[in-house]
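The model shown is predicted, which means the values in this text are computed figures rather than measured ones. Naming convention: chains lettered A, B, ... in sequence-line order (proteins, then strands); numbering from 1 in each chain.
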Protein chains: 2
Amino acid sequence: MDQSLKLEHQICFQLYTASKELTRLYRPILAPLNLTYSQYLVMLVLWEEDGIDLRQLGSRLTLDSGTLSPLVKRLIQIGYVEKSRATDDERKIIVRLTESGSALREQAANVPLQVSGMLNIDEATYVAYMEMLTDIKARLHDFGERQREQ
Amino acid sequence: MDQSLKLEHQICFQLYTASKELTRLYRPILAPLNLTYSQYLVMLVLWEEDGIDLRQLGSRLTLDSGTLSPLVKRLIQIGYVEKSRATDDERKIIVRLTESGSALREQAANVPLQVSGMLNIDEATYVAYMEMLTDIKARLHDFGERQREQ
DNA sequence: ATAATTTAAATTGTGCACAACTTAATTGTT
DNA sequence: AACAATTAAGTTGTGCACAATTTAAATTAT
């Protein structure tokens, strides 16, 4: 049979399952923080730069308003963030950490260490893998730009 | 600030976005085949070994019945597969390709080539990346086993 | 043989992810 | 200034993904 159609030979499939399984690893770690994986990503962004608008948040995470609007709504219900309109541009919604959302950062501080411990990976390998993933994304973006040119 | 909580330093985030963006690349390629990405994965399995049961299908793709049951239902509606009960074990549901589902294989034959063309990646790099992803998954499984032991 | 346990699918409920569309604010053009 | 085009969020609808539960069939234990 045509080898190229074999499931295990598809890089997309390996990426897809690796990502799913790593996310599964996060679930029990994030549960005590009362966060899903996607919500955790939003919190990571806000802990880096608080008070950004939804569009910026979306571009950091490659998520559109259809995903982010309800997700942020849930973070508001939990009490980790709050929304407000930007004064200079009434279209923009600013997302800001609450006291509780800020405080959560201390609790989350050990999450990365827990995960890398689970992966049992040394620093050099970790860096090499990060570069590969960055490269894959760069190739995808390059293709996107080549497309746009025509 | 604590570097370990920076979004871009998280291997999970790079995996998550790389997977999402690669899947996005597939969408326009799979649209003419009338398939979503997940449905395409199911078809890949069936083109390899037709007539397997749902549980085997799920273990190949790391998907449970909650995902697969409705997904297969949609493939039946499209007309690519059909279900039947296993005669030796009435619990098992056998999924089989229809004429139309089998024929689709020819149309799908060039999908992998299209994708690797888009990625613009040479064979050696491709192999290296596949090994990385396999290794990440192996580490995740190792952890899972270490857990179970205790 | 009968009861207890396990297993395979399906169902229900929650939360992404994204396309397509709507609404309102802003910017650009004439 | 008035109109067109663009932009930011939100909404609706579809399809995963998975936990938890249910139902029925098959195994195992007693």
- Message: Check this for me, if you would: do B:Arg139 and B:Asp135 make a salt bridge, where the nitrogen-to-carboxylate-oxygen distance has to be below 4.0 angstrom?
- Response: yes

Find the distance [X]:[atom1] to [N]:[atom2] and express it as a whole number of Å.
X       : N      : atom1 : atom2 : value
B:Glu90 : D:dA26 : CD    : C1'   : 11 Å
A:Lys92 : D:dT7  : NZ    : P     : 12 Å
A:Leu54 : C:dA25 : CG    : P     : 17 Å
B:Asp89 : D:dT28 : CG    : P     : 12 Å
A:Ile52 : D:dA8  : CD1   : C1'   : 14 Å
B:Leu68 : C:dT7  : CG    : C1'   : 16 Å
B:Lys83 : C:dA8  : NZ    : P     : 16 Å

- Message: Keeping A:Lys137 on the side-chain end and B:Thr17 on the backbone end, is there a donor-acceptor pair under 3.5 Å?
- Response: no

- For A:Gln14 and A:Gln10, indicate whether the former's side chain and the latter's backbone hold a donor-acceptor pair under 3.5 Å. no

Table of protein N/O atoms under 3.5 Å from nucleotides 13-17 of chain D N/O atoms:
unit_1	atom_1	unit_2	atom_2	d
D:dC16	OP1	B:Thr36	OG1	2.8
D:dC16	OP2	B:Gln39	NE2	3.2
D:dC16	OP2	B:Arg74	NH1	2.4
D:dC16	O5'	B:Arg74	NH1	3.3
D:dC16	O3'	B:Ser38	OG	3.1
D:dA17	OP1	A:Tyr16	OH	3.4
D:dA17	OP2	A:Tyr16	OH	2.7
D:dA17	OP2	B:Ser38	OG	3.1

- Query: Roughly how far, to the nearest 0.5 Å, is the CD atom of A:Glu21 from the CZ atom of B:Phe143?
  - Reply: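 Interatomic distance, B:Phe143 CZ to A:Glu21 CD, rounded to 0.5 Å: 13.0 Å.
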
Set out, line by line, the N/O atom pairs under 3.5 Å between protein and nucleotides 21-23 of chain C.
none

Taking only the side-chain nitrogens and oxygens of [X], find out if one of them lies under 4.0 Å from OP1 or OP2 of [N].
X       : N      : result
A:Arg91 : D:dA9  : no
A:Ser69 : D:dG10 : yes
A:Arg55 : D:dA9  : no

- Query: Start at the 5' end of DNA chain D and walk down; is the nucleotide closest to A:Arg85 or to A:Glu21 reached first?
  - Reply: A:Arg85

- Item | Validation row: A:Val81, A:Met43 side chains within 4.5 angstrom (heavy atoms) | yes

- Going through the checks in order, is the side-chain hydrogen bond (donor to acceptor under 3.5 Å, both in side chains) test met by B:Tyr80 and B:Asn34? CA-CA 10 Å; B:Tyr80 290 155; B:Asn34 208 11; 4.8 Å; no

